[in-house]
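Comments concern the structure below.
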Amino acid sequence: MSTQDNKAGFLAIELDGAGWDGGTFGSLAGAVLAVEAAGFHVATFKDAPEPGRTNALQRAAYAGPVTRTIALAPEVDTVYTEPFHIATQLASLDYVSGGRAGWIVTAAESPAAAAAVGRSAVRGNALVHEAAASIEVGRRLWDSWEDDAVIRDVATGRYIDVDKLHYVDFETPADFAGTPYSVKGPSIIPRPLQGQLPVLASASLVGGGVPVESVDAVLVTAPTPELLVAGVRDARERLGAVAVVAELGVVLDSRGEPAAARAVPETGRAQFAGTAAELTGYLHGLLLEADGVRLHPGDLARELDELSRLVLPELRHRGSLRAPVQDGTFRGLLGLERPATATRPQPPPAPLPESKGTA
């Protein structure tokens with residue numbers, strides 16, 4: 001997919017904090033329904049640990065049955081989470097959302113997470129190797145059931161045709177920098193509704209060693225809004241036809257208070273501060289370069305007031321933002337066909353490239 005082919009882009013929004021921080025949205029359901037009603041195409045869920053909060057995948061699963069159009073993409077760590085569990089839980093998310101699930105791959109150094117699961121901290125090249133291996137395991141497990149494996153044959157008492165379930169026989173390659181492991185398979189969940197869930201990862205993680213062919217979209221960050229457009233162009237030139245999604249923090253003039261007067265924590269991400277009209281002009285230009293933009297609002301409720309009333313309607317009027325599609329899939333949003341089941345014997349994984357950096 002590429003907006004270079006004159007396709008209107010999409011908007012994603014990060015819902016971190018909704019339903020647990022005591023803010024305007026008292027529930028996650030209220031927040032996700034509000035952004036869906038505003039016309040956003042994707043809701044994402046950050047996986048930073050917070051006391052009393054369920055993890056990102058669980059929050060996305062809760063949002064699945066209450067929504068109809070918005071895709072749901074949780075961040076899921078690949079370093080300290082078992083790959084088999086990641087794959088099966090994401091497949092379940094695809095079912096409860098009706099084919100609207102995606103996966104934002106993360107691989108961050110976290111001594112606290114390591115201690116929580118009784119592992120030594122993973123650093124350096126091993127982070128990228130863990131991410132690449134986890135993606136490969138997930139994709140193999142999603143294809144370990146053929147589409148027609150569930151037969152529900154009452155006469156013979158068979159629910160599945162066991163000949164249509166396949167081992168994945170994954171083993172980490174010899175140069176794997178982390179703790180070696182293997183996954184036999186098959187999955188315990190039928191093939192996801194989308195066949196293969198869309199996989200998203202940061203451009204720096206992909207450029208640092210995760211194979212570009214293993215992901216469906218890259219997330220591009222930059223220090224400033226001015227540099228973000230250049231970053232999108234660079235990612236598209238380096239990584240080819242994979243979808244490119246720009247990351248943008250947003251603080252708007254709202255409720256009589258100028259954006260400049262509102263304190264926003266430093267994130268290292270491009271931060272836009274200004275009026276709704278100024279943001280509309282900026283996003284219109286950015287969506288001519290990127291396939292989509294993920295917004296990180298400074299305050300979800302306040303920014304959503306302006307975004308839903310003034311920004312998204314004008315972007316659709318200008319033709320740079322597509323309309324939501326009810327009962328669509330995340331793959332459809334990215335312009336991807338549903339893939340056929342890969343049932344051929346899997347070759348051993350290729351040696352992982354040396355990492356050049358991590359997200």
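Predicted, not measured: the structure shown is a model, and the values here were computed from it.
- Under the 4.5 Å side-chain heavy-atom criterion for grouping Ile, Leu, Val, Met, Phe, Trp and Tyr, Val251 is not connected to Ile13 through any hydrophobic cluster.
- The CG atom of Leu334 sits 5.5 Å away from the CZ atom of Phe10 when rounded to the nearest 0.5 Å.
- With respect to Arg338 and Asp147, a salt bridge is recorded, a charged nitrogen being found less than 4.0 Å from a carboxylate O.
- Tracing side-chain contacts under 4.5 Å through hydrophobic residues (I, L, V, M, F, W, Y), one reaches Val212 starting from Val232; they form part of the same cluster.
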- request: Let me see the working for Glu36 and Val32 under side-chain contact (heavy atoms from CB on, under 4.5 Å), right down to the final yes or no.
  value: CA-CA 6 Å; Glu36 182 177 58; Val32 74; 5.7 Å; no
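- Within the model, atoms CG of Leu90 and CG of Leu57 stand 5.0 Å from one another, a figure rounded to the nearest 0.5 Å.
- The environment of Tyr62 atom OH is sparse: at most 12 non-hydrogen atoms of other residues, nucleotides or ligands sit within 6.0 angstrom.
- Proximity of a side-chain donor or acceptor of Arg100 to a complementary backbone N or O of Thr67 within less than 3.5 Å is detected.
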- request: Just do the side-chain contact (heavy atoms from CB on, under 4.5 Å) check on Val220 and Leu239 with the steps written out, would you?
  value: CA-CA 12 Å; Val220 176; Leu239 303 176; over 6 Å; no
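- Panel note: side chain Glu109, backbone Ala121; no donor-acceptor pair is recorded below 3.5 Å.
- Put simply, the side chain of Trp145 gets close to the backbone of Ser187: a donor and an acceptor are under 3.5 Å apart.
- Taken to the nearest 0.5 Å, the CZ atom of Phe84 stands 5.5 Å off from the CG atom of Leu141.
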task: Please report the C-alpha distance between Arg158 and Asp163 in whole Å, then the side-chain angles of each, then the deciding distance to 0.1 Å, and finally whether the salt bridge (charged side-chain N to carboxylate O under 4.0 Å, His left out) criterion is met.
output: CA-CA 12 Å; Arg158 294 185 303 156; Asp163 292 331; over 6 Å; no
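- Within the 3.5 Å criterion, the main-chain N or O of Arg322 finds a donor-acceptor partner in the side chain of His41.
- For the residue pair Glu146 / His166, a side-chain donor-acceptor distance below 3.5 Å is found, with atom types taken as modelled.
- Around the CD atom of Glu82, the shell of radius 6.0 Å holds no more than 12 heavy atoms that belong to other residues, nucleotides or ligands.
- Ion pairing between a basic and an acidic side chain is recognised when a charged N comes within 4.0 Å of a carboxylate O; Arg262 and Glu303 show such pairing.
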field: side chain to side chain donor-acceptor pair (under 3.5 Å) assessment of Gln326 paired with Thr69
entry: CA-CA 5 Å; Gln326 185 167 303; Thr69 63; over 6 Å; no
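- More than 12 heavy atoms of other residues, nucleotides or ligands sit less than 6.0 Å from atom NZ of Lys164.
- Judged purely by atom type and a 3.5 angstrom limit, Asp291 has no side-chain atom pairing as donor or acceptor with the backbone of Val245.
- With salt bridges taken as basic N to acidic carboxylate O contacts below 4.0 Å, none links Asp305 and Arg309.
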- request: Take Arg318 and Thr280, measure what side chain to side chain donor-acceptor pair (under 3.5 Å) needs, and give me the verdict at the end.
  value: CA-CA 10 Å; Arg318 296 187 186 189; Thr280 301; 5.8 Å; no
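- For the salt bridge (Lys or Arg N to Asp or Glu O under 4.0 Å) with Glu14, the lone residue among Arg294, Arg269, Arg59 that qualifies is Arg294.
- Side chain of Thr172 to backbone of Tyr181: a donor-acceptor contact under 3.5 angstrom is found.
- Rounded to the nearest 0.5 angstrom, Leu312 CG and Leu11 CG are separated by 5.0 Å.
- By the 4.5 Å heavy-atom criterion applied to side chains, Gln196 and Asp143 are counted as neighbours.
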